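The structure appears below as structure tokens.
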Amino acid sequence: MPEKYTTSYPAKRIRSDGRAEDVKVLLAKECPVKLFLNGKLFTKLFASPLELKELAIGHLITEGVISFREIENVEVEGGTVHVRTQSESRKIHTEDTGKIGRAGKAGKAEKEEKTSREIFVDSESVFDLQAVFAGIEYLESDTYKLTRGTHLAALIDRNGKLAVQIVDVGRHNAVDKAVGAAFLKGVDLSQHYMLSTGRQPAYMVTKAARAGIPLIATKSMPFDSGVEAAKKANVCLIGQLRKESMLIFANEWRVKL
């Protein structure tokens, strides 16, 4: 599977003593993806070339454009994804409709502030401490080991069992794809936590919160905006997840000590 995410490129390695050699290295693939909603171009993303159906579903959910129950049909044609909702005439409320840009550019400060005030995860889920530490096992993918150029998102249940694991060149895309995969597999997101390799500003936290995910754990450190967004959204936010420790920044009651 990793070979589908990568491509070989020539490069010249220069060592500190001046020696040079021609080498071939594996780079992570990135491709443009056009997302159509009810027949109209909604946005254009740049992502790894697999799991495009998951990307489209997850992106629309985590951006707050539609809900899971509204999705009627999803079709993939090459690098184009068509999503149909049950009510095609319903007005789509989003700042990004019709705009084209690299994934993540919608995360402006004013939008983060607005969305973080409005989102609340209505879930009472509590996770065993060891279930959270179990996520460490899933933090690194074979594709990352080969390229050092990808992110990962995973969904893990309250027993520490892996439900979904997704790799992508973008941290936003990885989260979107994980949410989309959960929809297609019938995974109850309120009973799972999100594991991410990416940093967690408010924009990333609210993407997960919109999908109803009650806990986010990352190997990185969150931003202060991410912590504040997590507090308001009733999401537990964990940073610097390691074998020996973790840092809980918000809603620590969701971790059973």
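Atoms considered below: every heavy atom in the structure, side chains included; atoms not considered: hydrogens, waters and symmetry mates. Keep in mind it's a predicted model, so treat the numbers as computed, not measured.
To the nearest 0.5 Å, atoms CG (Leu215) and OG (Ser123) are separated by 10.0 Å. Rounding to the nearest 0.5 Å places CD of Glu3 at 10.0 Å from CG of Asp142. Distance check, rounded to the nearest 0.5 Å: CG of Leu152 to OG1 of Thr197 gives 5.5 Å. Atoms NE2 and CD1, on His151 and Ile166 in that order, are 15.0 Å from each other to the nearest 0.5 Å. Residue Glu63 holds its CD atom at 8.5 Å from OG1 of Thr43, rounded to the nearest 0.5 Å. Within the model, atoms CD of Gln130 and NZ of Lys256 stand 12.0 Å from one another, a figure rounded to the nearest 0.5 Å.
The shortest distance between side-chain heavy atoms of Met194 and Val175 falls below 4.5 Å. Here the side chains of Ile216 and Gln200 are in contact, with some heavy-atom distance below 4.5 Å. Here the side chains of Lys177 and Ser48 are in contact, with some heavy-atom distance below 4.5 Å. For the pair Ile61/Arg210, no side-chain contact is recorded, criterion being any heavy-atom separation below 4.5 Å from C-beta on. Residues Pro214 and Arg254 are in side-chain contact: their nearest non-hydrogen atoms beyond the backbone lie under 4.5 Å apart. Two residues are said to be in side-chain contact when any heavy atoms from C-beta on lie closer than 4.5 Å; Val33 and Val81 meet this criterion. In this structure, the side chains of Lys243 and Phe133 stay at 4.5 Å or more apart for every pair of heavy atoms. The shortest side-chain heavy-atom distance between Ile57 and Ile71 falls under the 4.5 Å cut-off.
Within the 3.5 Å criterion, the main-chain N or O of Gly198 finds no donor-acceptor partner in the side chain of Arg171. Here the side chain of Arg84 pairs no donor or acceptor atom with the backbone of Glu75 at under 3.5 angstrom. In terms of modelled atom types and a separation under 3.5 Å, the side chain of Asp168 and the main chain of Ala47 share no donor-acceptor contact. Asn251 places no side-chain N or O within donor-acceptor distance of the main-chain N or O of Trp253, the cut-off being under 3.5 Å. Between the side chain of Thr7 and the backbone N or O of Lys29, no donor-acceptor pair lies under 3.5 Å. Checked by atom type and distance alone, the side chain of Lys207 never pairs as donor or acceptor with a backbone atom of Gly64 at under 3.5 Å. In terms of modelled atom types and a separation under 3.5 Å, the side chain of Arg13 and the main chain of Val23 share no donor-acceptor contact. At distances below 3.5 Å, at least one donor-acceptor pair connects side-chain atoms of Arg242 with backbone N or O atoms of Lys219.
Scanning both residues, Ile119 and Ala209, for their nearest heavy atoms gives CG2-CB, 3.5 Å. Between Gln165 and Tyr138, the shortest heavy-atom distance links the atoms NE2-O, 3.0 Å. Closest heavy-atom contact between Leu241 and Val132: CD2-O, 3.9 Å. Across all non-hydrogen atoms, the minimal contact from Tyr193 to Ala134 is OH-C, 4.5 Å. Ala56 approaches Leu35 most closely through the heavy-atom pair CB-CD1, 3.6 Å. Counting all heavy atoms, side chain and backbone alike, Cys236 lies closest to Val255 at SG-CG2, 3.9 Å.
Ring geometry for Phe68 versus Phe183: interplanar angle under 30°, hence parallel rather than tilted (30 to 60°). Ring orientation note: the planes of His172 and Tyr203 are tilted relative to one another, at an angle of 30° to 60°.
Hydrophobic clustering, with ILVMFWY side chains joined whenever heavy atoms are under 4.5 angstrom apart, keeps Leu184 apart from Ile156. Transitive grouping of hydrophobic side chains (ILVMFWY, heavy atoms separated by less than 4.5 Å) keeps Leu50 and Val169 in distinct clusters. Tracing side-chain contacts under 4.5 Å through hydrophobic residues (I, L, V, M, F, W, Y), one never reaches Leu27 starting from Tyr144; they form parts of separate clusters. Side-chain heavy atoms closer than 4.5 Å link hydrophobic residues (I, L, V, M, F, W, Y) into clusters, and following such links, even through other members, never connects Val205 to Met246. Transitive grouping of hydrophobic side chains (ILVMFWY, heavy atoms separated by less than 4.5 Å) keeps Val121 and Phe127 in distinct clusters.
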Problem - Stepwise side-chain contact (heavy atoms from CB on, under 4.5 Å) check, Ser190 with Glu124 - result: CA-CA 8 Å; Ser190 70; Glu124 298 300 320; over 6 Å; no
Problem - Worked check of side-chain contact (heavy atoms from CB on, under 4.5 Å) between Glu54 and Asp176 - result: CA-CA 7 Å; Glu54 290 85 347; Asp176 289 347; over 6 Å; no
Practice task
Starting from the C-alpha separation in whole Å, work towards a yes-or-no answer on side-chain contact (heavy atoms from CB on, under 4.5 Å) for Leu155 and Leu195.
Solution key: CA-CA 6 Å; Leu155 294 169; Leu195 184 70; over 6 Å; no
Handout entry: Residues Val164, Leu162; criterion side-chain contact (heavy atoms from CB on, under 4.5 Å); working and verdict
Key = CA-CA 6 Å; Val164 172; Leu162 180 69; 5.9 Å; no
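A 6.0 Å sphere centred on CG of Asp122 holds no more than 12 heavy atoms belonging to other residues, nucleotides or ligands. In this structure, Glu252 places its CD atom where only 12 or fewer heavy-atom neighbours from other residues, nucleotides or ligands lie under 6.0 Å away.
For the residue pair Asn38 / Thr85, a side-chain donor-acceptor distance below 3.5 Å is found, with atom types taken as modelled. Ser141 and Thr143 share no side-chain donor-acceptor pair at under 3.5 Å. In this model, a donor atom of one side chain and an acceptor atom of the other lie less than 3.5 Å apart for Ser67 and Glu70.
Here Glu21 does not pair with Lys12 in a salt bridge; the nearest charged N to carboxylate O distance is not below 4.0 Å. Taking 4.0 Å as the cut-off between side-chain N and carboxylate O, Arg19 and Asp17 count as a salt-bridged pair. Salt bridge status for Arg158 with Asp128: absent, with no side-chain N to carboxylate O gap under 4.0 Å.
A cation-pi arrangement is absent between Lys145 and Tyr5 under the rule of less than 6.0 angstrom and at most 45 degrees off the ring axis.
Of the options Val235, Thr62, Leu189, a side-chain contact (heavy atoms from CB on, under 4.5 Å) to Ile213 is made by Leu189 and by none of the others.
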